[in-house]
Protein chains: 2
Amino acid sequence: MVTAKTELFEKELQEAALLFKALSHPARLAIIKHLAETKTCISGNISDELPLSRTTVNQHLAELKKVGLIQGEIEGTRVNYCLNIENINALHKLTYFFFKEVQARDKKHCK
Amino acid sequence: MVTAKTELFEKELQEAALLFKALSHPARLAIIKHLAETKTCISGNISDELPLSRTTVNQHLAELKKVGLIQGEIEGTRVNYCLNIENINALHKLTYFFFKEVQARDKKHCK
DNA sequence: AATAATTAACGTAAAAATACGTCAATAAAA
DNA sequence: TTTTATTGACGTATTTTTACGTTAATTATT
């Protein structure tokens, strides 16, 4: 039988993997970039910029929200999505130190 | 019909997404860390350290190799895997500048 | 109060990822 | 040369992701 084995790894790696997964689709990277450019915007507008249906874009937005990289503020019928800068910063640091650690330990480089 | 739409995005985003995808599973992060610690090692040894079968670990190794984050050097019956430091560095820079750009553009922060 | 706009929830189909066993090939060791 | 060790290729089952249409709910607008 095939069962998910991700939870058998260190918590730290699991969480990092979840964040990287959130960045593993070009649509979600495009959303992040777009939100960075335009302060706020509703999901309908975002789907106008992307080659995907509104439904699918909404799904990607929900995924980004789930891991805390963006936040949505309800305003009437609309939802203003924007980056969660604190968490973006945290991820920036996480990736920075992950690579830093990997590189430091690999001093004893293989040829 | 459901077709892959990833190729409808900018090349840059596509490539970044592929690299992040390679990092989106704790097993692959564990492999990278392990390779960083122990210079080289064969895939059999790596699977001893991970809660996964040798076959599955091999699959993850192949994926990391496909995106160039690791390289395998055949040595007799064994394969010595090690990090591809150049590409790890490149990815480090890519993530660094991706986040830097996102943050710069988000100066006009939404509260 | 009725209509329009917008979004999340739900359902679903296809594709991709995950996990693993088995087998064949290759090289080393006996 | 036979046996052992090790790995990649292949097949396959299950789960997850991706993509989208439809519907229901909620808020504005008329």
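Convention: sequence-line order gives letters A, B, ...; per-chain numbering from 1.
If you measure from atom CD of A:E63 to atom C1' of C:dA8, you get 15 Å, rounded to the nearest angstrom. At whole-Å resolution of the value, CD1 in B:I70 and P in D:dT7 are 13 Å apart. Between the CD atom of B:E73 and the P atom of D:dT6 there is a distance of 18 Å, rounded to whole Å. Taking atom CZ of residue A:F20 and atom C1' of nucleotide D:dT17, one finds them 19 Å apart after rounding to whole Å. B:R54 has its CZ atom 12 Å from the C1' atom of C:dA24, to the nearest Å. Between B:I46 atom CD1 and C:dA19 atom P the separation is 16 Å, expressed in whole Å. We find that CD1 of A:I31 is positioned 13 Å from C1' of D:dA19, with the value rounded to whole Å. Separating the CG atom of A:L61 from the C1' atom of C:dA9 is a distance of 15 Å, rounded to the nearest angstrom.
At the phosphate of D:dT26, neither OP1 nor OP2 sits under 4.0 Å from any side-chain N or O atom of A:R78. Distances shorter than 4.0 Å separate none of the side-chain N or O atoms of A:H60 from OP1 or OP2 on D:dT17. When the side-chain nitrogen and oxygen atoms of A:T56 are compared with OP1 and OP2 of D:dT18, none of them lie within a distance under 4.0 Å. A:Y81 has no side-chain polar atom (N or O) that falls below the 4.0 Å cut-off from OP1 or OP2 of C:dT6. Note on A:T55: every side-chain N or O is 4.0 Å or more away from OP1 and OP2 of D:dG21.
Using a 4.0 Å heavy-atom cutoff across all strands shown, A:I74 reaches no nucleic acid atom at all. Using a 4.0 Å heavy-atom criterion, one finds that A:I42 contacts the sugar-phosphate atoms exclusively. Residue-level contact check: A:K21 touches the backbone only, with heavy atoms under 4.0 Å from sugar-phosphate atoms and none from bases. Among the heavy atoms of the strands lying under 4.0 Å from A:Q59 is at least one base atom, whether or not backbone atoms are also near.
At distances below 3.5 Å, not a single donor-acceptor pair connects side-chain atoms of A:R54 with backbone N or O atoms of A:D48.
Closest-nucleotide positions on DNA chain C for B:T77 and A:N58 were compared, and the one nearer the 5' end corresponds to A:N58. Taking the nucleotide of DNA chain C with the nearest heavy atom to each of B:R28 and A:K65, the more 5' of the two is matched to A:K65.
Under the 6.0 Å cut-off for aromatic ring centres, A:F20 and B:H25 do not qualify, their centroids lying 6.0 Å or more apart.
Counted by atom type alone, A:E75 and A:N80 present one or more donor-acceptor pairs between their side chains at under 3.5 Å.
Closest to the side chain of A:S53, out of C:dC20, D:dC20, D:dT18, is D:dC20.
The pair B:K33-A:E12 meets the salt-bridge criterion, since a charged nitrogen lies less than 4.0 angstrom from a carboxylate oxygen.
Only one option out of A:N84, A:L83, A:L23 pairs with A:L69 in a side-chain contact (heavy atoms from CB on, under 4.5 Å); it is A:L23.
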